[in-house]
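Here is the structure we will look at, set down as structure tokens.
Below, all heavy atoms of this structure are taken into account, side chains as well, without hydrogens, waters or symmetry copies. Numbers here are sequence positions counted from 1.
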Amino acid sequence: EKLAMESGPGAKYMGVVGAHGNLLVLSQQSKQYLFGLKVNAPISSVVFGEAKNCVYMLCETGEVYTFDLRTRRCLSRHFDEGA
């Protein structure tokens, strides 16, 4: 199991990758826990989108999830052919 943190440039959010496909979303300013997101496999990488309020998560299985941070819903899920 690993613990990693990621934040976007000038972003409102930062993320802490937890065990079993969990991403804890924190406030960039206060570092307070806001909400959690869950995917079906362990997360290997997280990137916050600059243009939209979204987060991209790459799983160890090669799946890429895109979540809308405002609604906390999964917008898309696909396999990365290069993973």
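Proximity of N22 to L37: side-chain heavy atoms (C-beta onward) are nowhere separated by under 4.5 Å. Side-chain contact between V47 and V55 is absent, with no heavy-atom pair separated by less than 4.5 Å. Using a 4.5 Å heavy-atom cutoff, the side chains of Y13 and L26 are not in contact. The shortest side-chain heavy-atom distance between F35 and L69 falls under the 4.5 Å cut-off. Contact annotation: the side chain of M57 approaches that of F67 to within less than 4.5 Å [non-hydrogen atoms, C-beta and beyond]. Between L23 and V16 the shortest side-chain heavy-atom distance does not fall below 4.5 Å.
By the salt bridge (charged side-chain N to carboxylate O under 4.0 Å, His left out) test, R70 pairs with D68, sequence neighbours left out. Residues forming a side chain to side chain contact (heavy atoms under 4.5 Å, CB included) with F79 (at least two apart in sequence, or on another chain): E63. Taking V64 as the reference, L58, H78, D80 meet the side chain to side chain contact (heavy atoms under 4.5 Å, CB included) condition, with sequence neighbours excluded.
Checked options V46, N40, L75; the residue passing with Y65 is N40 (criterion: side chain to side chain contact (heavy atoms under 4.5 Å, CB included)).
Between G36 and Y33, the shortest heavy-atom contact is N-OH, 3.0 Å. Shown here for A41 and T61, the closest heavy-atom pair between the two residues is CB-CG2, 3.7 Å.
How far OG of S45 is from CD of E60: 11.0 Å, rounded to the nearest 0.5 Å. Between the CG atom of L34 and the CE atom of M14 there is a distance of 10.5 Å, given to the nearest 0.5 Å.
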request  = Kindly indicate, with the supporting measurements, whether the criterion side-chain contact (heavy atoms from CB on, under 4.5 Å) is fulfilled by K12 and Q29.
outcome  = CA-CA 7 Å; K12 300 188 292 186; Q29 288 183 323; over 6 Å; no
